[in-house]
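Structure record follows, encoded as structure tokens.
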Amino acid sequence: MAIQTVGIVGSGIMGSGIAEVAAKAGHTVVLRSRKQETADAMVAGLEKSLNKQVDKGRLSEEDRDAVLGRVSATDHLGDLADCDLVIESIVEDLAVKKALFAELDDVVKADAILATNTSTLPVVEMAVATKRPEQVVGVHFFNPAPMMSLVEIIAPLTASDATVEAVTAFASACGKDPVQVKDRAGFIVNALLFPYLNNAVRMLENGTASRDDIDSAMKGGCNFPMGPLALLDLVGLDTSLSILDALYAEFADPNYSPAPALRRLVAAGHLGRKSGQGFYDYRK
Ligand SMILES: NC(=O)c1ccc[n+]([C@@H]2O[C@H](COP(=O)([O-])OP(=O)(O)OC[C@H]3O[C@@H](n4cnc5c(N)ncnc54)[C@H](O)[C@@H]3O)[C@@H](O)[C@H]2O)c1
């Protein structure tokens, strides 16, 4: 099945990025947020991002207008009825995601595919919350979605080959480089990345080195574009904590057991860039 119309549920960092990717690739995109103002703000954010690309000469005004013309915003789940693919990118909470999948199952057409952008949670649990488990997969974009080339396609035991292939083809049509991976917490990238990020927090916590020196060391010593603490701020500390909790629940590996400092920052509402404060201060 060729995917033309794409629904995006969730108006956070990732939902907005995926919406931009899909619309720029020529898909009709329906953005759904719980509030119409937030859905409209996503379109405004998309316009701002496209305007920047026009200013830099990377996009023509005509193409910008065409992209915006393909995007609509709504607070009604029912407006996703005609979508070929719906990608949910809401809070990393299994109970909330399962409830959304059950609701989506009742509103989308019979042959629609439902996908989750979860970073770690078991996709099969979302699949069995619907009456179409063979048409449910994970499609894991990376942050920022318009810039990062990787998409992990997660095939739970319940998914049909046709569904996995259709979503892989969708990711390729979006100009991404998809990889296929089994339904295990953290898939490929986060299973390997998060012990490193978590241990950077522990290193800061036990006073081995300062925040700036930890980040400088990993940039200068490993040629990484940003240090681990800056990366945690970009991902979002709440999302990072949920990822580690899910990894620890699955593997019981102490490397995944969240550093207490991370949990305390989240409790304080210091969520990284999105809240203005995390390991760094973004408020100035
Ligand atoms: N941040 C990253 O680097 C990253 C990368 C890849 C995948 N992800 C995954 O993408 C998903 C979204 O992450 P994000 O970084 O965009 O988060 P975010 O905090 O920026 O946005 C979360 C969105 O979920 C909505 N939301 C919160 N509670 C809800 C509820 N009870 N019901 C419905 N919607 C609710 C919020 O309004 C918001 O629109 C998560 O599953 C996360 O694991 C995140």
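All ligand and atom numbering here is 1-based and tracks the order in the structure.
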Does a donor on one side chain sit under 3.5 Å from an acceptor on the other, for [X] and [Y]?
X	Y	answer
Gln135	Ser160	no
Asp215	Tyr280	yes
Glu92	Thr118	yes
Ser49	Gln53	yes

Could you list the atoms of ligand 1 found under 4.0 angstrom from a heavy atom of [X]?
X	answer
His140	6 (C), 7 (C)
Val96	30 (C), 31 (N), 32 (N)
Phe141	5 (C), 6 (C), 7 (C)
Val235	1 (N), 2 (C), 3 (O)
Gly12	16 (O), 18 (P), 20 (O), 21 (O), 38 (C), 39 (O)

Pick, from [options], the option with the minimum heavy-atom distance to [atom].
atom	options	value
atom 41 (O) of ligand 1	Arg32, Glu92, Met42	Glu92
atom 15 (O) of ligand 1	Ile90, Thr38, Ile13	Ile13
atom 44 (C) of ligand 1	Met148, Lys97, Met14, Lys35	Met14

Check whether any heavy atom of Gly236 sits under 4.0 Å from an atom of ligand 1. no
Looking only at heavy atoms of Glu88, does any of them come nearer than 4.0 Å to an atom of ligand 1? no
Starting from [atom], what is the nearest protein heavy atom, named by residue and atom, and what distance separates them?
atom	result
atom 42 (C) of ligand 1	Ser119 OG, 3.5 Å
atom 9 (C) of ligand 1	Asn117 O, 3.3 Å
atom 22 (C) of ligand 1	Val91 N, 3.9 Å

Regarding Asp233 and Lys274, does a basic nitrogen lie under 4.0 Å from an acidic carboxylate oxygen? no
Between Ser16 (side chain) and Gly12 (backbone), is there a donor-acceptor pair under 3.5 Å? yes
Between Thr116 and the options Glu125, Met126, Lys98, His140, the side-chain contact (heavy atoms from CB on, under 4.5 Å) test singles out Met126
Taking the six-membered ring for Trp, are Phe170 and Phe141 parallel (under 30°), tilted (30 to 60°) or perpendicular (over 60°)? perpendicular
